[in-house]
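All heavy atoms count here, side chains included; hydrogens, waters and symmetry mates do not.
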Amino acid sequence: MRSTVGWQAGHTGTPLRRTSLERRELRTDDVAVRVDYCGVCHSDLHAIRTHTGEAPLVPGHEFTGVVTDIGHNVTRFAIGDQVAVGNIVDSCGVCAMCRAGQENFCHEVPTLTYNGADRHDGTTTLGAYSREYVVRDEFTYPLPAGLDPAAAAPLLCAGVTVWEPLRALGVGPGTRVAVAGLGGLGHLAVKLAVALGADTTVISRSAGKAGDGRRLGAHDLIASTDQRRMAAARDRFDVVIDTIAVPHDVAPYLGLVALDGTLSHLGHLGTVTVRATDLLVGRKKLSSAGSGGRPATAAMLEFCAQHNVTADIELLPSARVNEALDRLERNDVRYRFVLDMSDLPRNR
Ligand SMILES: NC(=O)c1ccc[n+]([C@@H]2O[C@H](COP(=O)([O-])OP(=O)(O)OC[C@H]3O[C@@H](n4cnc5c(N)ncnc54)[C@H](OP(=O)(O)O)[C@@H]3O)[C@@H](O)[C@H]2O)c1
Ligand SMILES: [Zn+2]
Ligand SMILES: [Zn+2]
């Protein structure tokens, strides 16, 4: 085994603590990545807050770094390459979804970057709040030149999670898009929708984010608490991307969807209650999405390099991870924390 250092969750609610951890020796199709930057996703917070302590939990599933070692059969990467990895590190490779390039929907469940089960030895995967990660080359992406590696890290979960539905729903010039919840996912949804040419509106409960919305390229901001403006925006948007991190009534957001349009509900992944008539009136569609397949992830990175899209980040030394998590919980981040892992040694 290879040893490295990372940040591990204790029982529910206790701070993460620094610990040494093991990575597997490289298989023939593995690369070892020195993790330089890892984004802090709200999903990490959900995982930490509900952690029971049975299996070790090291969060972190959107990161960039440098290849330090390659397995015998790896041809796509060389030592020294800058790379990016997201929240899927393996899949069966043969089911219909994998064959369609939608490894994120693999029938055998894709292996998650943390809290997943390794397909070969069944061990629990440990995430990238650590200095080294060992990953199959197929789920490692070259980081395009020109993308800042710290600000690009959040593209690998937050970015691709909103990119897939934007593309699948045909967003482009002339499409009217609304993004509900201006956080990590939401601000990248705005930037990507704007870069795709869409007329883009932010729906936020935080009126103070109006100026940010415009700086991100949005054409309008509607406060979700403003009943008059919400009513005036009825049936206005072809696509509504809902990234709100808590359970909520989807009816007000379905109300904003245009005739034959779609609400993509991808922030809160629990049960959704919907009245059929809220879909019936306007033939509206309710959908969801999560993560990205390999082709979409690679395409998203290329698009971001071409259009200069990265996250707005606050970079913190990894030793301040608990402060980042607490502030994320309080909605006190504009718009993504990224941990700088250079304060950790690569080896124990
Ligand atoms: N589908 C997937 O595969 C996938 C992938 C990654 C993350 N997620 C999930 O997506 C959600 C968003 O993640 P994120 O990292 O973008 O989180 P985030 O940065 O915390 O942003 C979430 C936004 O939701 C809004 N919000 C938060 N609490 C709220 C409340 N009590 N009432 C109303 N609005 C509230 C806020 O926007 P305003 O201040 O603008 O209202 C906040 O900025 C999380 O639940 C996360 O687990 C899903
Ligand atoms: Zn995530
Ligand atoms: Zn599969």
inquiry  = Quick test of your reading of the model: are Arg27 and Asp121 salt-bridged, counting only N-O distances below 4.0 Å?
reply    =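 Between Asp121 and Arg27 there is a salt bridge, with a charged N closer than 4.0 Å to a carboxylate O.
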query = Thinking salt bridges, do Asp199 and Arg176 make one under a 4.0 Å N-O criterion?
reply =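 Salt bridge flag = no for Arg176 with Asp199.
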message = Set out, in order, the CA-CA distance, both residues' side-chain angles and the distance that settles salt bridge (Lys or Arg N to Asp or Glu O under 4.0 Å) for Asp90 and Arg294, then state yes or no.
response = CA-CA 10 Å; Asp90 207 356; Arg294 291 167 53 225; over 6 Å; no
Looking only at heavy atoms, what is the nearest atom pair of [X] and [Y], with distance?
X      : Y     : value
Tyr129 : Gly39 : CE1-O, 3.8 Å
Val135 : Arg24 : CA-NH2, 4.0 Å
Pro56  : His51 : C-CE1, 4.5 Å

request  = For His107, check ring pair (Phe, Tyr, Trp, His ring centres under 6.0 Å) against everything at least two apart and list the hits.
outcome  =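 None.
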message = For a side-chain hydrogen bond (donor to acceptor under 3.5 Å, both in side chains) check, start with the C-alpha distance between Asn87 and Ser291, then their side-chain angles and the critical distance, and finish with the verdict.
response = CA-CA 7 Å; Asn87 58 3; Ser291 187; 2.6 Å; yes
inquiry  = Please list all pairs meeting salt bridge (Lys or Arg N to Asp or Glu O under 4.0 Å) that have one or both residues in residues 57-67, counting only residues at least two apart or in different chains.
reply    =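 Sorted pair list: Glu62-Arg336.
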task = Kindly write out the residues that satisfy side-chain hydrogen bond (donor to acceptor under 3.5 Å, both in side chains) with His187, not counting sequence neighbours, or none if the list is empty.
result =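 Listed in chain order: nothing, the list is empty.
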inquiry  = My understanding is that only residues two or more places apart in sequence, or in another chain, count here; which of them pass side-chain hydrogen bond (donor to acceptor under 3.5 Å, both in side chains) with Ser43?
reply    =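 In terms of side-chain hydrogen bond (donor to acceptor under 3.5 Å, both in side chains), with neighbours along the sequence ignored, Ser43 is linked to no residue.
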Candidates Asn308, Thr200, Asp312 - the one meeting side chain to side chain donor-acceptor pair (under 3.5 Å) with Lys191 =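 Running side chain to side chain donor-acceptor pair (under 3.5 Å) over Asn308, Thr200, Asp312 with Lys191 returns exactly one hit, Asp312.
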message = Enumerate the side-chain hydrogen bond (donor to acceptor under 3.5 Å, both in side chains) contacts for residues 275-286, please, sequence neighbours excluded, ordered by first and then second residue.
response =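 Output for this query lists Asp235-Lys284, Asp260-Arg283, Arg275-Asp278.
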message = Going by side-chain hydrogen bond (donor to acceptor under 3.5 Å, both in side chains), name the pairs with one or both residues in residues 147-158, residues two or more places apart or in two chains.
response =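 side-chain hydrogen bond (donor to acceptor under 3.5 Å, both in side chains) check on residues 147-158 returns no pairs.
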query = Do Thr111 side-chain atoms and Asp118 backbone N/O form a donor-acceptor pair below 3.5 Å?
reply =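 Here the side-chain-to-backbone pair does not exist.
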